[in-house]
Amino acid sequence: MTSVVRHVEIACDESGFSGGNLVGVGHSPVFAHASIRIEPEIAAELIKHLRHEIGARGTGEYKSPEILRPRRRPVLLWLLGPSSPIYGNAYVHLTDTRFFVLARMIDVLLGGQPVSGIASPGRNARTRPMVLALYGHGEQSYGRSRWQEFLTLSANLFRTNNRWLPKTPVQTFYATVDNMGRSSTAADLREVMDLLRSTRPVAEATRASYLENRKLTPLMEPLLPALNRAVHHWGSYAQTLSVVHDEQSALTPERLADIATAYAANQPGRQLTDVRLVDSSREPRVQIADFVAGIARKLASDQLKDHADPEIAALLGPLVDHQSVWVHPRLE
């Protein structure tokens, strides 16, 4: 049984943040969010040790690429290993951004129930097979260029906060769905496209609600489900929880309130008491979270290319959230 303490504070950072442009050409297909439970003094000593080990000069902040260099492998293995102060005190949420976009789109249009922007997409048992069909066979069936266009249209369908977005995203999306439904040779893809054809009223109503109230928690922002999962994970250890997070414009008071409300409803008697956004260069705990997030994103990106490092995967795997937005084998 998990031992519950009075209060826990965690530090968080991410790697792979690209704003709302989740599937644009050249953007990382992986978003990683890390949360760390560590005392400030221990974190400061750890950063000092890491800087010494990697031969850091000056006072500037060092990021994960420094520790990922081949010649720093012993330092990397030590950081993730049992002798490190973060051992047993780190948690990682992974997002495959292409799967995220497809799953969110399908959940909203075909899930048959309201969808929250802080919920992890792809968990609906009825619609998940549809998402897996699109994710697994879409590019092969339609070709890379057409599939990239569909991913982009899917990502833009519920975005309303960018002046560079297409003027008619709903119309363009459904024209493409109609065209792809007629041209697909795969039966499972044709079935999904046929189902999507009838969902235009849902898409229009969803966009209208976000245009009417621009403070609604956005649907296409993977940072929010990732932080929500971190809060629920660490909150299981404490009566109250606070978060120190690297500064991110996506973390508005309204969105953080959504996470706090969901946490309190899911775990009665528990409370998210505070979320402080800080400059990572001045907060060693957040710098460590950045290291872990960057390591996780690199390893996950390598896994997508079928050459993940097994030694690092064995150390990192136990830290990965089992509800990550991830369809590939777990890193373990």
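- Within 6.0 Å of NE2 on H307 lie more than 12 heavy atoms contributed by other residues, nucleotides or ligands.
- L216 is not connected to L211 by any chain of hydrophobic side-chain contacts under 4.5 Å among Ile, Leu, Val, Met, Phe, Trp and Tyr, and they are in different clusters.
- Between A313 and P318 the shortest heavy-atom distance is O-CD, 4.5 Å.
- A pairwise comparison of heavy atoms in D13 and A289 identifies N-CB, 3.6 Å as the closest pair.
- Considering only heavy atoms from C-beta on, T152 stays 4.5 Å or farther from E149 through its side chain.
- A donor-acceptor contact under 3.5 angstrom links the side chains of Y135 and D96, judged on distance only.
- Here L189 contributes atom CG and S141 contributes atom OG; the two are 4.5 Å apart, rounded to the nearest 0.5 Å.
- The minimum heavy-atom distance between C12 and V286, with the atom names listed, is O-CG1, 3.6 Å.
- A side-chain donor-acceptor contact under 3.5 Å links T240 to the backbone of R6.
- The shortest side-chain heavy-atom distance between L196 and M193 falls under the 4.5 Å cut-off.
- Between the side chain of T97 and the backbone N or O of P29, at least one donor-acceptor pair lies under 3.5 Å.
- Put simply, the side chain of N179 reaches to within 4.5 Å of the side chain of R182, judged on heavy atoms.
- Judged by distance alone, the side chain of R255 and the main-chain N or O of A250 form a donor-acceptor pair under 3.5 Å.
- One finds the CD1 atom of I67 at 12.0 Å from the CZ atom of R69 (value rounded to the nearest 0.5 Å).
- Taking the six-membered ring for Trp and thresholds of 30 and 60 degrees, W234 and Y91 have ring planes more than 60 degrees apart, a perpendicular arrangement.
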Open item on the list: Is there a ring pair (Phe, Tyr, Trp, His ring centres under 6.0 Å) between F100 and F31? Walk through the geometry before answering.
Closed with: CA-CA 10 Å; F100 180 97; F31 173 83; 8.7 Å; no
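- Note that NE2 of H33 and CG of N228 are 10.5 Å apart. Values are rounded to the nearest 0.5 Å.
- A side-chain donor-acceptor contact under 3.5 Å links S84 to the backbone of L79.
- In this structure the side chain of D178 never reaches within 4.5 angstrom of the side chain of Y174, judged on heavy atoms.
- For E191, the CD atom sits in a loose shell: 12 or fewer heavy atoms of surrounding residues, nucleotides or ligands are nearer than 6.0 Å.
- Salt bridge annotation for R190-D194: absent, with no cationic side-chain nitrogen under 4.0 angstrom from a carboxylate oxygen.
- Proximity of a side-chain donor or acceptor of S280 to a complementary backbone N or O of D246 within less than 3.5 Å is not detected.
- Within the 3.5 Å criterion, the main-chain N or O of E139 finds no donor-acceptor partner in the side chain of R144.
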- [ ] Apply the test side chain to side chain contact (heavy atoms under 4.5 Å, CB included) to residues R200 and V170: give CA-CA distance (whole Å), side-chain angles for both, the deciding distance (0.1 Å), then the verdict.
- [x] CA-CA 7 Å; R200 183 164 179 166; V170 175; 3.8 Å; yes
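- Looking at K63 and E66, no side-chain N of the basic residue comes within less than 4.0 Å of a carboxylate O on the acidic one, giving no salt bridge.
- One finds the CD atom of E14 at 11.0 Å from the OG1 atom of T95 (value rounded to the nearest 0.5 Å).
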- [ ] Walk me through it: do V192 and D188 pass the test side chain to side chain contact (heavy atoms under 4.5 Å, CB included)?
- [x] CA-CA 6 Å; V192 176; D188 54 354; 5.8 Å; no
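- Side-chain contact, S28 with R297: a donor N or O sits under 3.5 Å from an acceptor N or O.
- Under a hydrophobic-cluster definition in which Ile, Leu, Val, Met, Phe, Trp and Tyr are linked whenever side-chain heavy atoms come within less than 4.5 Å, directly or via other members, I312 and W78 are assigned to the same cluster.
- With contacts defined as side-chain heavy-atom distances shorter than 4.5 Å, the pair I10/I36 does not qualify.
- Not one N or O on the side chain of Q271 forms a donor-acceptor pair closer than 3.5 Å with the backbone of T273.
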TODO: Decide yes or no on side chain to side chain contact (heavy atoms under 4.5 Å, CB included) for L223 and Q248, but give the supporting numbers first.
DONE: CA-CA 9 Å; L223 174 58; Q248 283 290 353; 3.9 Å; yes
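- When all heavy atoms of I118 and A262 are compared, the closest pair comes out as CD1-CB, 3.6 Å.
- Panel note: side chain E39, backbone E41; no donor-acceptor pair is recorded below 3.5 Å.
- Note: the hydrophobic cluster containing V278 does not contain L241 (ILVMFWY, side chain heavy atoms under 4.5 Å, direct or indirect links).
- To the nearest 0.5 Å, the span separating CG on L50 from CD1 on I288 amounts to 7.0 Å.
- Heavy-atom contacts from other residues, nucleotides or ligands closer than 6.0 Å to OH of Y210 number more than 12.
- Contact check for T252 versus L256: no side-chain heavy atoms found under the 4.5 Å cut-off.
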TODO: Decide yes or no on side chain to side chain contact (heavy atoms under 4.5 Å, CB included) for L251 and L224, but give the supporting numbers first.
DONE: CA-CA 8 Å; L251 298 178; L224 302 174; 3.8 Å; yes
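- Between atom OG1 of residue T176 and atom CE of residue M180 there is a gap of 7.5 Å, rounded to the nearest 0.5 Å.
- Side-chain atoms of R207 come within 3.5 Å of backbone N or O of R159 as a donor-acceptor pair.
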- [ ] Output, in order, the C-alpha distance, side-chain angles, deciding distance and verdict of side chain to side chain donor-acceptor pair (under 3.5 Å) for D321 and H233.
- [x] CA-CA 9 Å; D321 178 14; H233 171 76; over 6 Å; no
Open item on the list: One pair to check against salt bridge (Lys or Arg N to Asp or Glu O under 4.0 Å): R73 and D309. What are the steps and the verdict?
Closed with: CA-CA 11 Å; R73 185 179 182 86; D309 186 309; 2.7 Å; yes
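- A donor-acceptor contact shorter than 3.5 Å links the side chain of R104 to the backbone of G117.
- Other residues, nucleotides and ligands contribute over 12 non-hydrogen atoms within 6.0 Å of the CD atom of E204.
- For the pair V115 and D107, the tightest heavy-atom approach, listed with the atom from each and the gap, is CG2-O, 3.7 Å.
- Side-chain contact annotation: E9 with S242, donor-acceptor N/O pair under 3.5 Å present.
- The environment of CZ in R214 is crowded: more than 12 heavy-atom neighbours from other residues, nucleotides or ligands sit within 6.0 Å.
- Taking hydrophobic clusters as Ile, Leu, Val, Met, Phe, Trp and Tyr residues chained together by side-chain heavy-atom distances below 4.5 Å, L46 does not share a cluster with Y87.
- Placement of V244 and L272 in two distinct hydrophobic clusters is found when ILVMFWY residues are connected by side-chain heavy-atom separations under 4.5 Å, directly or transitively.
- The two residues A11 and R285 have their closest heavy-atom pair at CB-CB, 3.4 Å.
- Using a 4.5 Å heavy-atom threshold, the side chains of R123 and Q323 count as touching.
- A 4.5 Å side-chain heavy-atom check between P222 and V325 finds every atom pair outside the cut-off.
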Task: Verdict with reasoning, S183 to R146, per side chain to side chain donor-acceptor pair (under 3.5 Å) - done: CA-CA 11 Å; S183 62; R146 290 184 72 196; 3.2 Å; yes
